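Below is one structure; the comments refer to it alone.
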Amino acid sequence: MIRLRSSGGIVMRQSFALIIMAALAGFACADSVDIGRGAVPVVVPAGYAESEPAPLVVLVHGYTSSGAQQESYFKLSALADEYGFLFVAPDGTVEKAGQKNRFWNAGEMCCNFQGSDVNDAAYLKTLIDAVRAQYSVDPKRIYMSGHSNGGFMVHRMAYEYPETIAAVAALNGSAPIRWSKPAPKDPAAILHIHGTIDRLNAYHGGQIAGVPYPGAEDGARQWAWYAYGSAEGKQADSKIDLDTSLEGAETTVTRWADGAIELWTIEDGKHVPPFADDFNRRVIDWLFAHKKD
């Protein structure tokens, strides 16, 4: 059974603990870190030892969602024991007005609708640093994944902190629209997953609150050119089956830069596709295949 404890001796709120227990389904014991925005549970894999640095996986939720809700969808922590990784799924901040939705400030495209000055890129980097200070983390294997607003956010993290992030996997978000920084010497690897009939973040691009964002193919191609100097993509010979609502293998795989940039196109996939049971394993396998040199 999952064990919830706080490294500082402070017991987390019971209701939140129950949510995490339900979402994580008893696969590992959880500690927590707190850098000023509340305790963030840390899933610690069975067999964790300080002498053996572990990979770290950070999951970033979508607009209106939460870390626990996002994990109940992606189910990444279910593989923490088997793969031996540390895992966190933090919460964004809550809007001050209106419906007071939870969000991430991923930049001008999404989803800071009320003009907050919160710097979520810095927060997530500080959270990663806090986990690294408290646990033995492999610096070559720090990964992020996110959905929708969280997908925008992990793209931004790969752009802002390429020296830290080894690889990201984004579902139905978007790559940056502006590339003002010079190409990094050791860029992050990028997996972008997108449904072609996503009505919220369109596959071919669009606008959010009047700000344009690139489509999935354009974003992947821009990443490949910016980070790796490669614009030629190659489609894989076979498709994969991700979406249980669609018959057969519906997802096309396109690779750039020898697979450092990869796009999984879910034909007729929606914004929240119902995933096959092995989706979490496919994502973790892809991330773990890419580590810093």
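What's counted below: heavy atoms across the whole structure, side chains too, no hydrogens, waters or symmetry copies. What you see is a predicted model, and the numbers here were worked out from it, not measured in a lab. By convention here, the first residue in the shown sequence is residue 1.
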If you round to the nearest 0.5 Å, how far is [atom2] of [Y] from [atom1] of [X]?
X      : Y      : atom1 : atom2 : answer
Glu82  : Phe85  : CD    : CZ    : 9.0 Å
Ile165 : Glu160 : CD1   : CD    : 11.0 Å
Leu76  : Ile284 : CG    : CD1   : 5.0 Å
Thr254 : Ile261 : OG1   : CD1   : 12.5 Å
Arg281 : Lys75  : CZ    : NZ    : 14.0 Å
Ser77  : Glu71  : OG    : CD    : 3.5 Å

May I have the step-by-step check of side chain to side chain contact (heavy atoms under 4.5 Å, CB included) for Tyr83 and Asp285, ending in yes or no? CA-CA 9 Å; Tyr83 284 75; Asp285 282 343; 2.6 Å; yes
Do [X] and [Y] have side chains that approach each other closer than 4.5 Å (heavy atoms only, starting at C-beta)?
X      : Y      : answer
His194 : Thr196 : no
Asn101 : Val94  : no
Val283 : Phe74  : no
Pro214 : Ile177 : yes
Val131 : Val137 : yes
Val88  : Leu59  : no
Tyr213 : Cys110 : no
Thr265 : Thr251 : no

Under a 3.5 Å distance rule, please check whether [X] uses its side chain to pair with a backbone N or O of [Y] as donor and acceptor.
X      : Y      : answer
Asn172 : Pro273 : no
Gln134 : Ser32  : yes
Gln114 : Ala97  : yes
Glu250 : Leu242 : yes
Asp138 : Pro53  : no
Ser136 : Glu50  : yes
Arg156 : Asn105 : yes
Asn112 : Ser116 : yes
Ser148 : Gly150 : no
Thr126 : Ala122 : yes

Please assess Leu56 against Ile128 for the test side chain to side chain contact (heavy atoms under 4.5 Å, CB included), listing each intermediate value before the final yes or no. CA-CA 8 Å; Leu56 170 62; Ile128 290 170; 4.1 Å; yes
For [X] and [Y], work out which heavy atoms get closest and say how close.
X      : Y      : answer
Gly173 : Asn201 : CA-ND2, 4.5 Å
Arg132 : Pro139 : NH2-CB, 3.5 Å
Ser72  : Gln69  : OG-O, 2.6 Å
Pro162 : Ala188 : CB-N, 4.4 Å
Ala158 : Val168 : CB-CG1, 4.1 Å
Ala257 : Ser230 : N-OG, 3.8 Å

Side chain to side chain contact (heavy atoms under 4.5 Å, CB included) partner of Tyr63, the single match among Phe152, Trp104, Phe113: Phe113
Under 4.5 Å between side-chain heavy atoms, hopping through other hydrophobics if needed: is there a path connecting [X] to [Y]?
X      : Y      : answer
Leu124 : Val118 : no
Val154 : Val40  : yes
Trp225 : Leu263 : no
Leu200 : Ile266 : no
Leu287 : Val253 : yes

Under 3.5 Å side-chain donor-acceptor pair for [X] and [Y]:
X      : Y      : value
Asp258 : Tyr228 : no
Tyr203 : Glu217 : yes
Trp256 : Glu232 : no

Evaluate the side chain to side chain contact (heavy atoms under 4.5 Å, CB included) criterion for residues Trp286 and His290: first the C-alpha distance (whole Å), next the side-chain angles of each, then the deciding distance (0.1 Å), finally the verdict. CA-CA 7 Å; Trp286 193 94; His290 301 83; 3.3 Å; yes
Is [X] salt-bridged to [Y], going by a charged N under 4.0 Å from an acidic O?
X      : Y      : answer
Lys125 : Asp120 : no
Arg221 : Asp218 : yes
Lys292 : Glu163 : no

Return the orientation label for the [X] and [Y] ring planes: parallel under 30°, perpendicular over 60°, tilted otherwise.
X      : Y      : value
His155 : His192 : tilted
Trp179 : Tyr159 : perpendicular
His147 : His271 : tilted

What verdict does the salt bridge (Lys or Arg N to Asp or Glu O under 4.0 Å) test give for Glu95 and Arg102, after you've listed the backbone C-alpha separation in whole Å, the side-chain angles of each residue and the deciding distance to 0.1 Å? CA-CA 6 Å; Glu95 295 171 335; Arg102 192 177 283 112; over 6 Å; no
Taking the six-membered ring for Trp, is the centroid-to-centroid distance between Tyr73 and Phe275 below 6.0 Å?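 Aromatic pair counts; centres sit under 6.0 Å.
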List the steps and the verdict of side chain to side chain contact (heavy atoms under 4.5 Å, CB included) for Glu262 and Ile190. CA-CA 6 Å; Glu262 196 157 305; Ile190 309 294; over 6 Å; no
Test ring-ring contact (aromatic ring centres under 6.0 Å, His included) applied to Tyr143 and Phe288, step by step: CA-CA 8 Å; Tyr143 305 106; Phe288 276 37; 5.2 Å; yes
Check the surroundings of atom NZ in Lys181: do more than 12 heavy atoms from other residues, nucleotides or ligands lie under 6.0 Å from it?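 Check passes, neighbour count above 12.
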